[in-house]
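Contents: one structure, followed by commentary.
The first residue of the sequence shown is numbered 1, and numbering continues consecutively from there.
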Amino acid sequence: MTEDPQARRAGRRHARRAHRGITGITGITGISGSRGSGRRGRGRGRRTAARITLALGVLGFAAAAYGLAVQLLPRQFTVVQQRQIEAWQVGSRWQTIPAGKIFPASVPYQLPATVLEDTTPLNLDALRVSIAPQQSDCAQSVTSAAAGAVLDHEGCEAVLRATYVDSTRSYVMTVGVAVLPTAAAAAAADTGLARPLLAAARDADGAARLTAGVQVVRFSGMAGKLYDYNRQISASFSYGPYVVMYAAGYSDSRPRVPVSQDSYAYGEMTSMARGVAQSVAATLGTSPAPPHCPGAPGC
């Protein structure tokens, strides 16, 4: 059977159309693949951004944790800050320590063996008679207006005083503490009090010249009569921001005499006065332990 030429041509045209259709489908498939690649790129970008955000978050958390740790850990002071805190603590003790602790009821002291002409010293106690009211006018608590001017020039804030006697009540003494703003001011004031021009004039009976210093405390009543005395010895020294002064004499109010000629009286009077004065100085002026947190001011 002979094939119709027209039918053959029609079949070829149909085949070509079918081939073009397949090619078009393939092209569409290629376009769809390109869109998939774009989605994958955007996905990688999101993951990268997430990683960066997470890293920044971790760094921020670490910084916050460090800051919290620094706040919670004890504060560390520099050497300068330590010195400032120590000076503040020492300089404020005269206001923070009770008067009965600054001037205790009993203070031990030692009489040297040389005074006793013996081989061993003698341990004794000084007994507190009374504590005088705090005096803000420093010139009122020292022996002269000139001595008061020395303290005022260095910025004296107050003078604290108390009276003691020995166990036999043969000797009586006054210990005084002049409060200065700094240790340097206290040293300058002590030097000023030692100037010869401020010393009491020599007595006609030859008593030794006494340096300027604390004025003896006067009491009223029977105790006042018993312990109203004349100074036989007088001295002072600086300790931190304080000038510690003392004066001692006989409890029977005898006039000032050349007490240094009586070695026993001079030795016991001086030992008692120095022992009490050094006790008071140690209570007020001893350097505190290095400040640390917690517990120190500024923590």
[X] side chain to [Y] backbone, donor-acceptor under 3.5 Å:
X      : Y      : result
Ser251 : Arg169 : yes
Arg128 : Phe103 : yes
Arg231 : Thr143 : no

Taking all heavy atoms of [X] and all of [Y], pick out the closest pair and write down the distance.
X      : Y      : value
Pro112 : Ser271 : CD-OG, 3.3 Å
Val172 : Tyr250 : CG1-O, 3.9 Å
Gly148 : Val142 : N-CG2, 3.5 Å
Val276 : Ala126 : CG2-CB, 3.7 Å
Asp166 : Glu268 : OD2-OE2, 3.6 Å
Thr283 : Ile102 : CG2-CA, 4.2 Å

Please step through side chain to side chain contact (heavy atoms under 4.5 Å, CB included) for the pair Val159 and Gln140, ending with a clear verdict.
CA-CA 9 Å; Val159 174; Gln140 297 298 315; over 6 Å; no
Could you please spell out the steps behind the side-chain hydrogen bond (donor to acceptor under 3.5 Å, both in side chains) verdict for Asp190 and Ser236?
CA-CA 7 Å; Asp190 183 51; Ser236 67; 2.6 Å; yes
Within 6.0 angstrom of Glu117 CD, more than 12 heavy atoms from elsewhere
no
Around atom OH of Tyr266, are there more than 12 heavy atoms from other residues, nucleotides or ligands closer than 6.0 Å?
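Open: at most 12 neighbouring heavy atoms sit under 6.0 Å from OH of Tyr266.
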Measure the [atom1]-[atom2] distance between [X] and [Y] for me, rounded to the nearest 0.5 Å.
X      : Y      : atom1 : atom2 : value
Ser170 : Met269 : OG    : CE    : 9.5 Å
Leu111 : Asn123 : CG    : CG    : 9.5 Å
Gln110 : Asp125 : CD    : CG    : 11.5 Å
Phe237 : Met245 : CZ    : CE    : 10.5 Å
Ser130 : Tyr164 : OG    : OH    : 10.5 Å
Leu193 : Leu151 : CG    : CG    : 5.0 Å

Evaluate the criterion side chain to side chain contact (heavy atoms under 4.5 Å, CB included) for residue pair Thr270 and Met272; output intermediate values, then yes/no.
CA-CA 5 Å; Thr270 302; Met272 178 182 71; over 6 Å; no
Would you check if [X] and [Y] make a side-chain contact, meaning some heavy-atom pair closer than 4.5 Å?
X      : Y      : value
Met173 : Thr163 : no
Gln278 : Tyr239 : no
Tyr109 : Arg274 : no
Leu180 : Cys156 : yes
Gln215 : Ser141 : no

Residues Tyr242, Val90; criterion side chain to side chain contact (heavy atoms under 4.5 Å, CB included); working and verdict:
CA-CA 9 Å; Tyr242 304 102; Val90 172; 4.1 Å; yes
Using the side chain to side chain contact (heavy atoms under 4.5 Å, CB included) rule, take Val177 and Leu284 through it: C-alpha gap first, then chi angles, then the decisive distance, then the call.
CA-CA 9 Å; Val177 180; Leu284 290 173; 3.7 Å; yes
From CA spacing to verdict: side-chain hydrogen bond (donor to acceptor under 3.5 Å, both in side chains), Thr96, Arg93
CA-CA 5 Å; Thr96 58; Arg93 282 179 182 158; over 6 Å; no
